[in-house]
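Side chains are part of it too, since the values below use all heavy atoms of this structure and drop only hydrogens, waters and symmetry mates.
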Amino acid sequence: MKIAAHVLAYNVNGFIKPVLENLEPNVDKIYVAHAERPFGYIEKSRQTLRNPTSIADIRAASSSNKVEIISGDWTTEEDMRNECLVKARADGFDWFLIQDADEFYPESSWKQIKRVLHENKTDNHFVTTWYNFWKSSHFVLMDMNGSIKGTNAGFAIRCASDVKFIDRRLCNNQLAKIIDCPCYHYSYVMSDKEMAEKIATWSHAHQMYSSSWYTYKWLNWSESSKWLNQVRPYEFVRAVRFPLPQPDFAEQFALPVNLKHQPSFSHLVGEALYDASVHGSLAKLALKRVVKSALKR
């Protein structure tokens, strides 16, 4: 069984070395897709911004002969991923893995993943469960049902199938089977500067009020903050302390977090208006929070 994986290398200086170290012992090839400029979801970003991660950064992160850099200029995320998938098929691989630079699997999970892929003869598409972290490996996002474990949009594609990417990470095969080996997803574990770059360039940039979210949800976050997802507020209701044992790689993502920050009354009003503009059904709840805060003062 031959396994290839791919990593998208835009604005990933804090992740590229550890993710290649996480992948290298477990796969036969790693395609690292690199573009000089961002996707075309926000045309201004595409015309004015350039990738903070260089090809030299990728080469410095790993000297493994398993790593192959694919350079290009893609307007959509699915185009970037599909080019790597086509290359994996042409190179004769059995499985193609989706592991973004901020995603990590413990060694115990890798053993189970490889066993499932080796034994399975019928399914063409797998997803895994995951934990989404916020600000630091010490804080994890919780959904509206109180769960900290979700499911990603895709993890493994059988190369002999006709599965392909059609919308970012989503594939044309929606009958994906779940492998319950949680991925540790550090998507929101980065500096303020890195986050500002991310929301201006990633494939959800056109779906959100970037500057408002950055101000109210990111810069002024406190442990009482709610509705943190940029596009679907109810998906990440709040961030809580991660209650489970940490894997070895988590320590390098234990960024410092200011837990003493308390938003001002004017900030709470602004955040309530932002919540109302993003999702009307949140307006009443948001305004109740403001009134409750005012009474406490």
Less than 4.5 Å apart, any side-chain heavy atom of D167 and any of T76? no

Note: E271-K217 ion pair, threshold 4.0 Å (strictly below): yes

W134/W218 aromatic ring centres below 6.0 Å: yes

Exercise: identify the closest heavy-atom pair between Y10 and T53: C-OG1, 4.3 Å

Residues E103 and N22: side-chain donor-acceptor under 3.5 angstrom: no

Would V140 and W221 show up in the same hydrophobic cluster when neighbours are defined by side-chain heavy atoms closer than 4.5 Å? yes

Quick check for you: to the nearest 0.5 Å, what is the distance between K149 atom NZ and N145 atom CG? 14.5 Å

Check: Y186 and N132 side chains under 4.5 Å, non-hydrogen atoms: no

Would you say L141 and F242 make side-chain contact, with heavy atoms under 4.5 Å? no

Flag the pair Y41 / W202 as yes when their ring centroid distance falls below 6.0 Å, and as no otherwise. no

So does K17 pair up with D57, basic N to acidic O under 4.0 Å? no

Ring centres under 6.0 Å, that's the criterion: do Y131 and H185 meet it? no

Ionic contact status for R169 with E78, cut-off 4.0 Å: no

Should E68 and V32 count as side-chain neighbours, where that means a heavy-atom distance under 4.5 Å? no

So I70 and C84, do their side chains get closer than 4.5 Å, heavy atoms only? yes

Out of curiosity, M144 CE to N229 CG, how far, rounded to the nearest 0.5 Å? 12.5 Å

Minimum-distance pair of heavy atoms, taken over all atoms of A153 and L170: CB-CD2, 3.7 Å

Is it true that K198 and E194 have a side-chain N and a carboxylate O under 4.0 angstrom from each other? no

Ring centroids only, cut at 6.0 angstrom: are Y31 and H6 within range, meaning strictly under it? no

Do E77 and R81 meet the salt-bridge criterion of a basic N to acidic O distance under 4.0 Å? yes

Would you call K2 and D91 a salt bridge, taking side-chain N to carboxylate O under 4.0 Å as the test? no

Contact between R37 and Q47 at the side-chain level, heavy atoms closer than 4.5 Å - yes or no? yes

Y184 ring center within less than 6.0 Å of F104 ring center: no

Only one of W130, F155, F249 forms a ring-ring contact (aromatic ring centres under 6.0 Å, His included) with Y105, so which one is it? F155

When rounded to the nearest 0.5 angstrom, what is the spacing between CD1 in I30 and OG in S62? 6.5 Å

Could you state the interatomic distance from CG (D73) to CE (M80), rounded to the nearest 0.5 Å? 9.5 Å

So, are D143 and R232 salt-bridged, with charged N and O less than 4.0 Å apart? no

Quick one, I199 and W213 - any side-chain contact, counting heavy atoms below 4.5 Å? yes

Evaluation steps, side-chain contact (heavy atoms from CB on, under 4.5 Å), between F15 and V7: CA-CA 11 Å; F15 294 110; V7 175; over 6 Å; no

Any heavy-atom pair between the side chains of I69 and R59 that's under 4.5 Å? yes

Salt bridge or not between R158 and D123? Use side-chain N to carboxylate O under 4.0 Å. no

Do F139 and F133 have ring centres separated by under 6.0 Å? no

Interatomic distance, Q99 atom CD to N26 atom CG [nearest 0.5 angstrom]: 8.5 Å

